[in-house]
Amino acid sequence: MNIDHRVIALIDMDCFYVQVEQRLQPEFLGKPCGVSQYYTWKGGGLIAVNYEARDFGVKRGMRGEQAKELCPDFHIFHVQEVNGKANLNRYRDASADVFRVLNANFKLVEKASIDEAYIDLTEDVQKLKDKKLQLTINDFSTTHLAGFTTKTEDERIEILNKWLNDCQLDDEKRNYDLLLGAYLIEQIRKKIKDQTGFFCSAGIARNKILAKLCCGFNKPKKQTIFTQSDIDHIFDKTPVQKIQGLGGKAGERVVELFQVEYIGQLRKYSLDMLQTSMGEKDGCWLFNLIRGIETTPVSNRNLYKSISASKNFPGKTCLDTIDKIRTWCYNLAEDVFNRLEKDRAENKRRAKLLTVICTLATNETITRSCPINEYSIDRFANDTLRILKQYNKNSLTSNIYTPVIHHIGISAGKFLDNINTKSIADLFSKQTTKIETITSTENIINCQEEEEEEEDNNTEENILEKPTTTTLPIQGDFFRKFQKFDEQTKIQLKSENKTTTSSSSITSFFSRYTSNENILNCSPNKIDDHYITCSKCHKSILIWNMPEHEDFHYAHELQIEENKTNSIIKSSKTIKRKNTNQTLDSFINKKSKM
DNA sequence: CATGATGACGCT
DNA sequence: AGCGTCAT
C-alpha cells in the first residue's frame, strides 16, 4: 500500500464541552453558551464557546464576565468542582460515548484528544469500491470541497456535483477513494449524532495534517474534502501557524528564518536549506509536507498513556504553607486514584510510575518521579508531599514553605498490561467493561476469560489485597446500599423495560446517575409531545423515560445521605493521616474550603 | 494576581 | 530521568 494512497479522516466534535452540557440541559440548545471553570474570579475562564456565542465575538480563554459584556444573553455552564478543583470526568465520559461509536465501526481509530479522532479509512474504502455504489449529491449533504467558499447551498451543490461527476469519470480515479471516504464519514457523523446526540465536523484527505487542516474550513456540522490537486493554491494562502506542529515557536522560526507568511512559500527552498535551518528530521518533514506528503500513521491506541490531575495556584492563591500543600496533595491524589481504579477495572492494567510536577515562584518547573507499588490515596499524596518538601528552603519545623508554589500536578504512567489482580471495583465493572471493549474478537475473548476467573476470585481475597486503601471500604459500603436498591428497582421496572438496560452491574447503574447524569440524556433534541412534568424537579421528561427519571431522584437522595456518612468516614481517614503528619488544623482548613 | 487542566511526544 | 514544546 502506497502511503500517499491512504484515506485519512479527522473528526472534531463541535465545541464539545458545550454540547455535553446542552445534552444534559436541552433547554439551552440554540442559545449562546460557553463552559467555564472557576466562576469566582471574573466569571471563570471559558474553555468552550458555542457558535451562537462566537458570533458575538466571544472566544475561548475569555473570562465569563467579559463574554457577558459582549453578549448579554450568554449562558455560562460551570465545570463540576470536586475538592475545590475542576473535574472533567463528565466530558471524559461523553468522549467515551463518542469513541464507542467510532471503535464499533472502524478498525483504525486514534484518540487525538478528548474531542478529536483520526481514522484511517484506507481499507474501508477499498472494500467499499467492490460494492460499485451509485453515489449522488444526496449522499453528501454536509460535504464541502477545500478551496471553495460557497455562500449558498445551491452553490455548494453545484460545485460538489461537478466534482462528483469529474471524479467518477476520471479514468485514473485519483479522487474516487476520497469521495468514498467522505461518504463513510457522512455516515459515521450521522451515527454519532443518532447514538450520542453530538454534532461534529470532519476533514477527509490523504494524510493527518491535511485532514486536520481542512476540518477547520467548514464548521460546525460540516465536513471538507482536501484533494491533492488543491494543495498548492490552498497552501499559498495558509498561514504557517495553521499547520499542526507549527503553531508555536517552531512556526515562528520558519516565518523569521525564511521570511514567509504562508506555508506554500516554502516551496522555493531546497531540502538542504530547510534541513539546515530546521534540522534533518523537521526539514525533511516540512519539505514533504508542502508537497502534500506526510506519512505519520494513524496509531491504533485507545487508552491513555498517562492519567493526571493538576491545578494552578496563581497570584495570591499560591501555596505558601505545608498544610495547604498537603491538602492539595491529597485532593489531587484522590482524583488520580479514582481514575486509576476505574482504569484498572476496565483495562486490566496498572500504572507503575508516579510523576510530580510543580512550578515554583522562582519560575522553575520541577519534575520528579517515583515508583507506584500500590494504588492508594495516602501513598500518592505522601509521595508527592515528600518530593515537594525537598524544595522547601525554609526550616523543616516551620509551616511556611518557600518559595511559594504556583502549580502542582500528579501524573501516573508507565502502565503494565494484563495484570491479574482483582479488586472490588473489578467485580462491579463487568458490564461496563463488556460494553466498552467490544471492538474485536480478541477483546471479547479476553473479557470472557476474565469473567470466569472472577467467579473463582473471592471478594475477601481482594479486600485483603489492599489493606491500606481507605477508599475501598467506602465504596463497598456505598455499593451495598445500592445493591438493595438495584434489586428493588429491577423488579419495579420489569413491566416497562424497553428503555431500561438490564444490567445488574452496580457500577454501571451507579455511573449512569451520578458521574454522567445520563438519565437526562436519553433524547435531548427530539421535539416530541410525549412529555410529562416531573413533580420533583419540574423538568419535562419523555414519558417512557419517567421510570428511570424517578430512580434518578431516588439515587440522588441516597447519594446525599451517603455524603453525610462520607464525611464521617473521611474524618477517620484523617485520623490515619495524623500518624503520617496530618494535623487537625489542616483538616479543618480543608473542610472549610469545601 | 489570573488562559486551566490535561495529554502526547521529542530532545538530551 | 527530567525538561521543554505543542495542542485542545
Side-chain angles (χ1 to χ4, degrees), chain A residues 10-18 34-49 58-67 78-82 84-92 95 110-118 208-209 212-213 215-216 241-253 278-282 285 296 299 301 303-318 320 328 331-332 335-336 339 352-359 361 363-371 387 404 406-415:
Chain A
L10 182 274
I11 294 202
D12 186 332
M13 307 309 294
D14 302 321
C15 51
F16 186 51
Y17 289 10
V18 176
V35 176
S36 89
Q37 44 191 6
Y38 305 122
Y39 48 87
T40 43
W41 204 71
K42 298 190 177 182
L46 293 175
I47 54 175
V49 174
V58 179
K59 287 177 179 165
R60 217 181 86 186
M62 269 183 187
R63 291 284 148 187
E65 287 177 6
Q66 196 185 349
H78 293 285
V79 174
Q80 189 178 31
E81 273 183 45
V82 177
K85 168 186 166 305
N87 185 302
L88 305 179
N89 284 346
R90 180 179 293 175
Y91 314 110
R92 291 192 187 98
S95 178
E110 174 181 331
K111 184 173 171 96
S113 78
I114 197 164
D115 71 337
E116 284 184 321
Y118 287 101
K208 288 168 81 172
I209 296 284
K212 169 74 181 162
L213 178 64
C215 176
Q241 295 86 352
K242 296 277 182 191
I243 302 297
Q244 198 198 36
L246 298 179
K249 294 179 181 178
E252 276 179 40
R253 277 249 312 285
M278 304 296 298
E280 192 183 324
K281 189 165 165 283
D282 290 350
W285 175 80
T296 311
S299 85
R301 185 176 47 79
L303 303 180
Y304 291 108
K305 287 187 169 181
S306 64
I307 289 176
S308 69
S310 64
K311 174 151 176 61
N312 284 354
F313 305 96
K316 219 182 98 185
T317 65
C318 70
D320 53 3
W328 284 107
N331 287 343
L332 295 170
D335 190 2
V336 169
R339 283 155 59 199
K352 299 305 288 181
L353 190 75
L354 190 77
T355 303
V356 175
I357 306 104
C358 84
T359 307
N363 213 11
E364 57 183 335
T365 297
I366 290 158
T367 311
R368 290 293 178 275
S369 303
C370 67
I387 288 171
V404 299
H406 284 295
H407 172 90
I408 301 180
I410 303 180
S411 175
K414 293 234 187 294
F415 286 93

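In what follows, every chain begins at residue 1, and chains take the letters A, B, ... in the order their sequences are listed. These numbers were taken from a predicted model, which means no experiment stands behind them.
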Mind checking if [X] touches a base, just sugar-phosphate, or nothing, with heavy atoms under 4.0 Å?
X	result
A:Ser310	base
A:Arg339	sugar-phosphate
A:Tyr304	sugar-phosphate
A:Lys311	sugar-phosphate
A:Thr317	base
A:Ala309	sugar-phosphate

For B:dG10, give the paired nucleotide (Watson-Crick: N1-N3 plus N6-O4 or O6-N4; G-U: N1-O2 and O6-N3; both under 3.5 Å), or none.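 Across all strands, the one nucleotide that pairs with B:dG10 is C:dC3.
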Using both distances under 3.5 Å as the test, list the Watson-Crick or G-U wobble partner of B:dG4, or none.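 Base partner found: none.
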Residue closer to the 5' end of DNA chain B, A:Leu88 versus A:His406 (nearest nucleotide):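 Counting from the 5' end, the first nearest nucleotide belongs to A:His406.
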Reading DNA chain B from 5' onward, which residue's closest nucleotide shows up sooner: A:Ile307 or A:Ile47?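 The residue mapped nearer the 5' terminus is A:Ile47.
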Carefully, step by step, assess A:Tyr39 and A:Glu65 under the rule side chain to side chain contact (heavy atoms under 4.5 Å, CB included). CA-CA 9 Å; A:Tyr39 48 87; A:Glu65 287 177 6; over 6 Å; no
On a whole-Å scale, what distance lies between the P atoms belonging to C:dT8 and B:dA2?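 Looking at atom P only, C:dT8 and B:dA2 are 24 Å apart.
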Between C:dA7 and B:dT3 - C1' atom distance, rounded Å: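 These two C1' atoms come out 13 Å apart once rounded.
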Closest non-hydrogen atom pair, [X] against [Y]:
X	Y	value
A:Val79	A:Asn87	CG1-O, 3.6 Å
A:Glu110	A:Ser299	OE1-N, 2.8 Å
A:Gln244	A:Trp285	O-CH2, 3.8 Å
A:Lys59	A:Leu46	O-CD1, 3.9 Å

Nucleotide range of DNA chain B contacted by chain A, 5' to 3', under 4.0 Å to a heavy atom?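 First-to-last contact on DNA chain B, by the 4.0 Å heavy-atom rule, is B:dC1 to B:dC9.
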Below 4.5 Å, heavy atoms only, C-beta onward: do A:Arg92 and A:Arg339 meet side chain to side chain?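 Yes - at least one pair of side-chain heavy atoms lies under 4.5 Å apart.
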Note, A:Arg90 side chain near A:Tyr17 side chain (heavy atom, < 4.5 Å):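 Answer no - side chains too far apart.
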Could you write nucleotides 2-8 of chain C as a row of B, S and -, 5' to 3', where a protein heavy atom under 4.0 Å of any base atom gives B, of only sugar-phosphate atoms gives S, and otherwise -? SS-SSSB
Spell out, as yes or no, whether a donor-acceptor pair under 3.5 Å connects the side chain of A:Ser95 to the backbone of A:Ile114.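 Present.
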Stepwise side chain to side chain contact (heavy atoms under 4.5 Å, CB included) test for A:Phe313 and A:Val404: CA-CA 10 Å; A:Phe313 305 96; A:Val404 299; over 6 Å; no
